[in-house]
Each structure stands twice: as C-alpha cells, then as structure tokens.
Amino acid sequence: MKNSSNNNSSSNTNHTQFHHNHPRNDDNSSTTIDSRFNQTLKNVQGLLKGRSIPGKVLLTRRSDPTDELNLPSPDYRRTQSARNIGTSEQSNMSREADVQNASKEDNIPSVGKIKSTTSNIENVSNEVQKSTIGARATDSARVMKFTKELSGNTVILERLRELAWSGVPPYMRPTTWRLLLGYAPPNSDRREGVLRRKRLEYLDCLSQFYDIPDTERSDDEINMLRQIAVDCPRTVPDVSFFQQEQVQKSLERVLYTWAIRHPASGYVQGINDLVTPFLVVFLSEYLEGSIDNWSISTLSLQKISEIEADCYWCLSKLLDGMQDHYTFAQPGIQRLVFRLKELVRRIDEPVSRHMEEQGLEFLQFAFRWFNCLLIREIPFHLVTRLWDTYLAEGDALPDFLVYIYASFLLTWSDELQKLDFQEMVMFLQHLPTQNWSHQELEMVLSRAYMWHSMFNSSPRHLVS
C-alpha cells in the first residue's frame with residue numbers, strides 16, 4: 001500500500017453529538033477562550049448534525065462546479081444501494097460561515113477537555129476545503145469523476161484516494177480496491193498481465209501448501225488448518241451467504257495459504273473476518289442482487305479461483321501495513337488501544353473518568369475492534385463502505401483507526417456514564433448498531449476526520 005498524501009435506520013440509543021465538559025478556570029482570559037472554543041465546537045456540531053450525505057466533514061462550500069451539474073450516469077451496472085440519498089447544502093452555508101469566522105487564539109492549556117484552539121478549527125476548514133469531498137458516493141458528478149480517474153492510461157492514486165474516502169460506487173469498488181491496495185498497477189496496459197500472473201502464483205501456492213496430504217504437514221500446520229476450519233463457519237454468522245460450504249472452503253484456502261506464507265504471525269483468530277469484505281466485493285463482479293440470494297456454486301472453478309486469489313493478495317497488502325498487529329502478543333494492537341484510551345480522555349474526560357472509576361479497561365472491548373477492524377460491531381452491509389475509507393487512508397490507516405474508534409465509542413457517551421462496570425461490559429459487547437444505516441456510519445467518520453485534522457499535527461495532545 002502506498003502512503004496517502006494526508007493522511008448496524010438509527011438506534012434508539014444513538015447520540016451523534018460531542019460531549020465536552022470543561023472544568024472551571026478562574027482566569028478570565030481562559031474563560032473567554034473556552035467560551036469561544038465552545039461556540040466554535042457548537043458550530044461544527046450543528047454542521048455535522050445537519051449532514052445527510054456521506055463524506056468528510058464539509059466545512060466549506062464545494063468549489064468544483066461539476067458537483068453542481070446534473071450529469072448523466074455512465075453505463076455501469078448499478079445496485080439498489082446506489083440509489084438516491086437526499087442532500088442539503090444550503091442549510092450548511094450559514095454554519096460554514098460561523099466556523100470560518102471563529103476567533104483565532106494561540107495555544108491555551110486546559111485539563112480534562114480537548115486541547116485545541118479555534119485556530120485548530122480553521123485548520124480543519126482549510127484542510128477539508130482542499131479535499132472538496134462532500135458529495136455522496138453515487139451521485140452523477142462523483143460517478144463521472146470516478147469514471148474519469150479509472151479510465152485513464154495511468155490512474156493517479158492520490159486523486160483516487162480522495163474520491164474513495166467518501167465512498168466508492170459499488171460497481172466500481174472491485175477495481176478501485178485493487179488499485180488502492182497496490183495489487184493492480186496504476187498503468188492500465190500492465191494491469192491485466194499483472195493480475196493474471198498473481199492469480200497463477202496463488203494457484204501455485206495452493207498446490208504447494210494446501211492441496212497436500214496431512215502427512216506432508218508439520219504438527220503446527222495441522223493444528224493451524226484445524227483452527228481455521230473451526231473458525232470459518234463462525235465467520236459473519238448472521239449472513240447466510242457465509243454459511244455455504246463452498247464459501248467456507250474458499251475462506252479456508254485463502255487463510256491457510258496466507259498463514260503459511262506469513263510465518264511471523266501465522267493464523268490469528270480475527271483474520272478470518274478480514275477476508276470477508278474482499279470476498280463480497282470481488283464476487284459482486286459476477287453475482288447480482290442481495291448477498292442473501294447469492295450462491296457461489298453458480299460460478300466456474302476458474303472464476304472462484306481468481307476471486308480467491310484477489311482476496312489473498314489484497315489481504316496480504318492490507319496486513320503488510322500492520323504486521324505487528326498479529327505477531328506474538330499483538331503489540332501493534334496493544335499500542336493502538338493505549339492511544340485510543342488517551343485520545344478519549346482528551347476528547348471526553350467525563351466518560352473517560354467514569355470508565356476508569358468503574359475499573360473498565362479499554363483492552364476489554366477495544367482489542368476486538370482493532371483485531372477485526374470493527375466488522376463484528378456494525379451491520380455487515382455497512383462494512384464495505386467503511387472499508388472504502390480504510391483503504392483510502394493507505395499506510396496511515398493504523399493511526400486513523402484510533403480516531404474512528406474514538407468517534408464510534410463516544411457515540412454512546414451519555415449512556416456509558418449511566419452504567420456500572422458489568423453493564424458497560426455487556427453494552428460494549430453488544431452495541432445497539434443493528435439498525436444503523438449509512439447516516440450513522442458517515443457521522444462516525446466525519447467526527448473522526450475532524451478530530452484527526454485537529455490533532456494529527458499536534459502529537460502532544462496525548463501527553464499527560
């Protein structure tokens with residue numbers, strides 16, 4: 001993966017607003033700054049609250065005139081999820097002006113609140129203005145932009161990342177994901193040849209490592225294959241498609257081959273979840289309609305083999321950027337969980353303090369989030385949209401996960417502060433996301449982007 005240039009309808013307990021409780025400060029000037037800071041945050045809050053479209057936080061008006069045109073859609077196969085989602089831009093313009101007129105102040109230290117100033121908010125506005133990514137993933141103008149980027153002789157990956165961050169039209173997702181992960185080359189003349197060669201290489205790996213008798217495997221390899229065979233039927237159990245025997249065998253082949261080729265980590269439970277978005281996306285090139293009606297048995301063995309190969313190589317590319325997440329003791333995940341705890345403490349000190357007083361450790365719930373990249377926490381139909389943003393982040397993804405998961409957790413800040421230890425454990429293990437739509441997910445991503453823009457250039461926000 002190459003570096004980017006910058007870096008489950010809604011639940012009845014879902015709250016999509018910020019929670020900032022600030023201690024009193026006797027210093028008058030600091031109080032004034034706090035007042036201005038709170039007002040600025042309210043402006044941003046109002047903007048986010050009024051959004052009904054996917055994408056990064058749009059603090060400034062779109063400047064690209066093509067976004068305003070009612071352009072026809074190109075001749076691509078469209079799915080039901082690619083239909084209209086309402087959008088309103090006029091209601092946001094007054095809020096945008098409020099944010100842009102926020103007062104400028106230098107760094108003012110504070111305890112138990114976000115360590116930022118109004119100038120940070122202006123920086124957010126400037127950064128997002130550059131990206132101009134506010135349109136929904138499937139409107140005509142954005143479809144035309146995707147078509148233009150993907151149809152050239154050489155794809156400009158940074159422009160593709162900017163578009164993909166806000167969501168990829170489902171019928172363009174397979175090609176886009178292969179490119180973002182560096183599996184398919186940007187040069188269209190080389191693409192078919194590279195994919196053919198990599199798919200043949202995967203077949204060679206199967207014949208060398210998987211299609212052999214157990215007598216030729218070590219005891220560790222036999223145990224690993226058995227564990228994978230146990231985990232595959234448990235993968236995404238609420239989606240009937242993954243209960244098909246042929247689907248589980250495809251998962252098994254991909255996972256075992258990956259584990260053998262990556263002995264530093266081998267197979268770790270949770271990696272089985274990470275294959276599923278790739279499998280669904282690459283199958284969507286051949287199967288139409290709802291995933292509940294899909295049958296992999298309708299495909300030829302050659303097509304299944306090519307899809308498995310694409311899943312294998314894309315999984316490899318994804319995990320290359322987070323190798324220490326799955327090595328012994330998984331130190332990469334432990335490090336990110338610590339950063340998440342510190343970030344939540346800075347953003348929402350009351351909920352952080354309540355969790356600490358109740359003795360709840362972030363590792364008790366957030367480890368699974370990082371291990372499975374949130375796949376088990378949200379409805380499966382939202383996973384591929386979430387992964388558009390993941391893959392658009394490139395090598396910066398591990399760092400950005402901290403902000404996404406902070407935003408995800410603080411969706412339930414008010415609820416968490418009313419729960420004791422046992423109640424919080426149960427709540428966080430069974431989060432009320434089963435009725436989530438794209439709107440809730442986009443809110444999580446928008447807050448994450450804003451906080452990342454505010455804090456990323458100020459790493460000391462995590463320093464006590």
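With sequence neighbours left out, the side-chain hydrogen bond (donor to acceptor under 3.5 Å, both in side chains) criterion links Thr276 to no other residue. Residues satisfying the side chain to side chain contact (heavy atoms under 4.5 Å, CB included) test with Pro398, not counting sequence neighbours, are Met322, His325, Leu336. With sequence neighbours left out, the side chain to side chain contact (heavy atoms under 4.5 Å, CB included) criterion links Asp292 to Val239, Ser240, Ser290.
Here His354 contributes atom NE2 and Asp348 contributes atom CG; the two are 11.5 Å apart, rounded to the nearest 0.5 Å. In this structure, the separation between CG on Leu431 and CD on Gln429 is 9.5 Å, given to the nearest 0.5 Å. Once rounded to the nearest 0.5 Å, the distance linking SG of Cys314 with CG of Leu274 reads 12.5 Å. Put simply, CZ on Arg217 and CG on Asn223 are 12.0 Å apart, with the number rounded to the nearest 0.5 Å. Separation of atoms CD1 (Ile347) and CE (Met454) is listed at 8.0 Å; rounding is to 0.5 Å. Here the CD-OG distance, from Glu357 to Ser352, works out to 9.5 Å after rounding to the nearest 0.5 Å.
For the pair Leu428/Leu360, a side-chain contact is recorded, criterion being any heavy-atom separation below 4.5 Å from C-beta on. Counting heavy atoms from C-beta outward, Leu150 and Leu179 have side chains that approach closer than 4.5 Å. Here the side chains of Leu397 and Thr389 are not in contact, with every heavy-atom distance at 4.5 Å or above. Gln330 is listed as a side-chain neighbour of Phe367, based on a closest heavy-atom distance under 4.5 Å. Side-chain contact check for Leu445 versus Leu386: some heavy-atom pair is nearer than 4.5 Å. The closest side-chain heavy-atom distance from Trp387 to Leu318 is below 4.5 Å. Annotation: side chain of Gln358 is not in contact with side chain of Met355 (no heavy-atom distance under 4.5 Å). For the pair Pro170/Ser284, no side-chain contact is recorded, criterion being any heavy-atom separation below 4.5 Å from C-beta on.
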Residue pair Asp324, Arg335: steps toward the salt bridge (charged side-chain N to carboxylate O under 4.0 Å, His left out) verdict: CA-CA 10 Å; Asp324 62 349; Arg335 183 173 61 251; 3.0 Å; yes

Determine whether Leu409 and Val351 satisfy the following criterion, side chain to side chain contact (heavy atoms under 4.5 Å, CB included), listing intermediate values before the conclusion. CA-CA 10 Å; Leu409 174 66; Val351 75; over 6 Å; no

Kindly indicate, with the supporting measurements, whether the criterion side chain to side chain contact (heavy atoms under 4.5 Å, CB included) is fulfilled by Tyr326 and Asn371. CA-CA 8 Å; Tyr326 301 98; Asn371 194 55; 3.2 Å; yes

Under the side chain to side chain donor-acceptor pair (under 3.5 Å) criterion, do Gln244 and Trp294 qualify, and how do the steps go? CA-CA 10 Å; Gln244 297 178 27; Trp294 285 4; over 6 Å; no

I'd like to know whether Arg159 forms a salt bridge (charged side-chain N to carboxylate O under 4.0 Å, His left out) with Glu162, so could you lay out the CA-CA distance, the side-chain angles of the two residues, the decisive distance to 0.1 Å, and finally the verdict. CA-CA 5 Å; Arg159 291 210 295 256; Glu162 288 188 354; over 6 Å; no

Pair Glu252, Leu225 - check side chain to side chain contact (heavy atoms under 4.5 Å, CB included), show working. CA-CA 8 Å; Glu252 182 178 300; Leu225 182 55; 3.9 Å; yes

Residue pair Phe241, Leu283: steps toward the side chain to side chain contact (heavy atoms under 4.5 Å, CB included) verdict: CA-CA 12 Å; Phe241 169 75; Leu283 277 168; 3.2 Å; yes

Intermediate values then yes/no, side chain to side chain donor-acceptor pair (under 3.5 Å), Glu285 and Tyr171: CA-CA 7 Å; Glu285 292 184 287; Tyr171 41 92; over 6 Å; no

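Aromatic ring centroids of Phe380 and Phe242 lie under 6.0 Å apart. Here Trp451 and Tyr403 keep their ring centres 6.0 angstrom or further from each other. Aromatic rings from Trp258 and Tyr267 are positioned such that their centres are separated by 6.0 Å or more. Between Trp177 and Phe278, the ring center distance clears the sub-6.0 Å criterion. For an aromatic pair to be called close, the ring centres must be under 6.0 Å apart, and Phe362 with Phe365 satisfies this.
Side chain of Thr384 to backbone of Pro277: no donor-acceptor contact under 3.5 angstrom is found. Under the 3.5 Å distance criterion, the side-chain polar atoms of Glu377 are left unmatched by any main-chain donor or acceptor of Leu374. Using modelled atom types, one side-chain atom of Ser407 and one backbone atom of Val444 make a donor-acceptor pair closer than 3.5 Å. Side chain of Thr411 to backbone of Phe408: a donor-acceptor contact under 3.5 angstrom is found. Between the side chain of Tyr390 and the backbone N or O of Leu373 there is at least one donor-acceptor pair closer than 3.5 Å. Formation of a donor-acceptor pair under 3.5 Å by the Tyr256 side chain with backbone atoms of Ala229 is not found in this model. At distances below 3.5 Å, not a single donor-acceptor pair connects side-chain atoms of Thr176 with backbone N or O atoms of Arg173. No donor-acceptor pair closer than 3.5 Å links the side chain of Asp231 to the backbone N or O of Asp273. The backbone N or O of Leu163 sits less than 3.5 Å from a side-chain atom of Arg142, completing a donor-acceptor pair. Arg161 places a side-chain N or O within donor-acceptor distance of the main-chain N or O of Leu391, the cut-off being under 3.5 Å.
Under the 4.0 Å criterion applied to side-chain N and carboxylate O atoms, Glu356 and Arg353 are not assigned as salt-bridge partners. Ionic pairing of Arg447 and Glu440 is not present here: no N-O contact between side-chain nitrogen and carboxylate oxygen is shorter than 4.0 angstrom. A salt bridge links Glu342 with Arg345: the distance from a Lys NZ or Arg NE/NH1/NH2 to an Asp or Glu carboxylate oxygen falls below 4.0 Å. Salt bridge present: Arg339 and Asp399 bring a charged side-chain N and a carboxylate O closer than 4.0 Å. Salt-bridge formation is detected for the pair Arg385/Glu442: a Lys NZ or Arg NE/NH1/NH2 atom is positioned less than 4.0 Å from an Asp or Glu carboxylate oxygen.
Side chains of Thr327 and Gln323: a donor-acceptor N/O pair is absent below 3.5 angstrom, by distance only.
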